[in-house]
Each structure stands twice: as C-alpha cells, then as structure tokens.
> 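Dumping the structure here so I can ask a few things about it.
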There are 2 protein chains.
Amino acid sequence: MLKGHLDAIVLAALEGGPAHGYAIIEAIKRRSGSTFDLPEGTVYPALHRLEQAGLLASTWMTPPSGRKRRVYSLTRSGTAALADRRRAWSRFSQAVETLLKGGHTWPA
Amino acid sequence: MLKGHLDAIVLAALEGGPAHGYAIIEAIKRRSGSTFDLPEGTVYPALHRLEQAGLLASTWMTPPSGRKRRVYSLTRSGTAALADRRRAWSRFSQAVETLLKGGHTWPA
DNA sequence: TTCCATACCTAGCATATCTAGGTATATGTC
DNA sequence: GACATATACCTAGATATGCTAGGTATGGAA
C-alpha cells in the first residue's frame, strides 16, 4: 500500500526524463525489486490527476514501431512539488522509524 | 496522514507496557515530535479494530483520582503482528527510499 | 492464427483516516 | 458558585485514495 506516497514516486520516476505510463509502471516495479507492482488502474488515474494539477505535461507520440503513447514530463511546478514530497517523506519516515524503534517506556 | 501504518504505530506504543487510549495519543505525539498529532477519531476506532482482531486486550480501570480508563495491552498475536508490521515497514520504506533517491535514467 | 506483450482508459468498490459532533469527570480560576 | 480547561471515552458520516475488473487497440512471436 502506497497511501499518499504514490505522487512522489511517479514524480521521481520522471525526474530522469520524459516517459509514458506503461514505462513508468515497469520502471517502478523494476527499481523497487517488485515491492511495488502497481496496477494500471492505479497509475493512469494518478497521471491524469497530476497533469490536471499542473505538475505534469503530456503529448502523444508515435514511435517508429508500436502503438501511440502519451508521454509525460515534469513541469516546473512538478519539480518543486517533488522536492516538497521528498521533504514530507523524510519527515514522515523518520517519525515512523522513531516510533517503531522500541525501547519506549511509560512515565510513572 | 499515516498511510496505512497506524496499526504498527499503535502496536509499537504498547510494546513498552499497557496503556489507555488517551495516553497512547499523547505518547505518539510526543515521541514523534508532533509529526503525528492524531485525532481521537482516528485512534479510538483503531484500538477497537485491533481488539476485535485479537491483537489487543482491554480492561476498565479506575485510578485513585480521575475518570475510568480502558487500558489496552498486546496479546500474543499482537506481538507477532507487530513483528510482521515492522518487516513490512522496512521493506516498504526501503523501496520508497530507492525510488525517491534520484539518478535513475531511462534505457535507450 | 492464435496468443501474449504493449499501451491506453474508466466506473465503481473497498478501505482508512479525519471531521465533527456527543458524553462525562476532575481541576483550576474568577 | 460559575466557567473554562484538561482528561477520557465514543461514533456516524464525509472524504480521499488506491484497487478491481472490465474495456479498446496494435504489433510481434509461436
């Protein structure tokens, strides 16, 4: 479960340059060692939402062989949003780490 | 937002011994440096859910002064579940970390 | 020619957290 | 005595987010 970190992951995937939805899904799976094998029904709506929000821009491309693809790239606000998400993740994960660490006791 | 890791956090809070709901909320806030300031409407239902699932047990206690409290403690399955959740968190956070790291490129 | 991989899409479901209310007791303050 | 605040519990319903499960279409491999 990604619960709220999907946007960050998708934005980060596009940091290395433009890509189309299907390739993004494959990359997330590969790079995460299959920990995240996201269904299309999760990723495509997310891409639409992010474009709607102005964080991504898209254009249709027809490759030499194969079918049409919608290629997404980060906008300026997308890049800024990614930086925000990274900070949010850092804060979040450090807090969880601390809470899960163990060794906490109750005041008398 | 806790993004699905609330159960782990609550279970971990009770690892140091039994406690009542209100104290758990305060502890999570304090230990997380206010990153998680959870509303009661989030935590109480979670406690009920975890008790229903057999991961927690509760008894009513009346302290020398103050009103009645429902005190929760980890069951045996609760302890096991916590270990599972810790593993899940570890896997999850490492995957996100990798994906957010940056420096990824697209194959030619 | 049949199957699989590629590539896109959406409606509706499931679930988890939060909002916003409610009840009640004890303590401190004006 | 009156009133506010902190403690302590509870729940119905709204909201958000990801997933299920379906659909369309093209191109290459067996």
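Basis for what follows: all heavy atoms, side chains included, without hydrogens, waters or symmetry-related copies.
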> Taking CZ from A/Arg70 and C1' from C/dT6, how many angstroms apart are they, rounded to a whole number?
17 Å

> What is the distance, rounded to the nearest whole Å, between atom CG of B/Leu6 and atom C1' of C/dA16?
9 Å

> Minimum heavy-atom separation for B/Ala8 and B/Leu82, please, with both atom names.
O-CD1, 3.8 Å

> Without placing hydrogens or testing angles, list every side-chain donor-acceptor pair under 3.5 Å for residues 101-108 of chain A, not counting sequence neighbours.
from	atom 1	to	atom 2	distance (Å)
A/His104	NE2	A/Thr98	O	3.0
A/Trp106	NE1	B/Gly17	O	2.9

> Return a single string for nucleotides 25-30 of chain D, one symbol per nucleotide in 5' to 3' order, where B is base contact, S is sugar-phosphate-only contact and - is none, cutoff 4.0 angstrom on heavy atoms.
B-SS--

> Considering only Ile, Leu, Val, Met, Phe, Trp and Tyr, and joining two whenever side-chain heavy atoms are under 4.5 Å apart, list the other residues clustered with B/Met61.
B/Val71

> A/Glu97: what forms a side-chain hydrogen bond (donor to acceptor under 3.5 Å, both in side chains) with it, not counting sequence neighbours?
B/Trp89

> Atom OH of A/Tyr72 and atom P of C/dC9: how far apart are they, to the nearest Å?
5 Å

> Would you list the pairs meeting salt bridge (charged side-chain N to carboxylate O under 4.0 Å, His left out) in which at least one residue belongs to residues 75-84 of chain B, sequence neighbours left out?
B/Asp84-B/Arg87

> Hydrophobic clusters join Ile, Leu, Val, Met, Phe, Trp and Tyr when side-chain heavy atoms are under 4.5 Å apart, directly or via other members; which others share one with B/Trp60?
none

> Roughly, in whole Å, what's the span from CE in A/Met61 to C1' in C/dA7?
15 Å

> For B/Pro63 and A/His5, find the nucleotide of DNA chain D closest to each by heavy atoms; which residue's nucleotide sits nearer the 5' end?
B/Pro63

> Rounded to whole angstroms, how far apart are CG on A/Leu38 and C1' on D/dT20?
14 Å

> Under the side chain to side chain contact (heavy atoms under 4.5 Å, CB included) rule, collect the residues that match up with A/Ser90, sequence neighbours excluded.
A/Gln94

> Enumerate the side-chain hydrogen bond (donor to acceptor under 3.5 Å, both in side chains) contacts for residues 42-52 of chain B, please, sequence neighbours excluded, ordered by first and then second residue.
B/Asp7-B/Arg49, B/Glu51-B/Ser58

> N/O contacts under 3.5 Å, protein versus nucleotides 11-14 of chain D?
from	atom 1	to	atom 2	distance (Å)
D/dT11	OP2	B/His48	ND1	3.3

> Distance check, rounded to the nearest 0.5 Å: A/Leu50 atom CG versus A/Ser77 atom OG?
11.5 Å

> Only pairs at least two apart or in different chains count here, so list each salt bridge (charged side-chain N to carboxylate O under 4.0 Å, His left out) that has a residue in residues 10-25 of chain B.
B/Glu15-B/Arg86

> Looking at residues 16-29 of chain A, who's got a heavy atom less than 4.0 Å off DNA chain C?
A/His20, A/Gly21, A/Tyr22

> I need the CG-P distance between B/Leu2 and D/dT17, as an integer number of Å.
14 Å

> Taking atom C1' of D/dA8 as reference, at what distance in whole Å does atom CH2 of B/Trp60 sit?
8 Å

> Under the salt bridge (charged side-chain N to carboxylate O under 4.0 Å, His left out) rule, what pairs show up with a residue in residues 18-29 of chain B, not counting sequence neighbours?
B/Lys29-B/Asp37

> Could you check how far NZ of A/Lys68 sits from P of D/dT24, rounded to whole Å?
18 Å

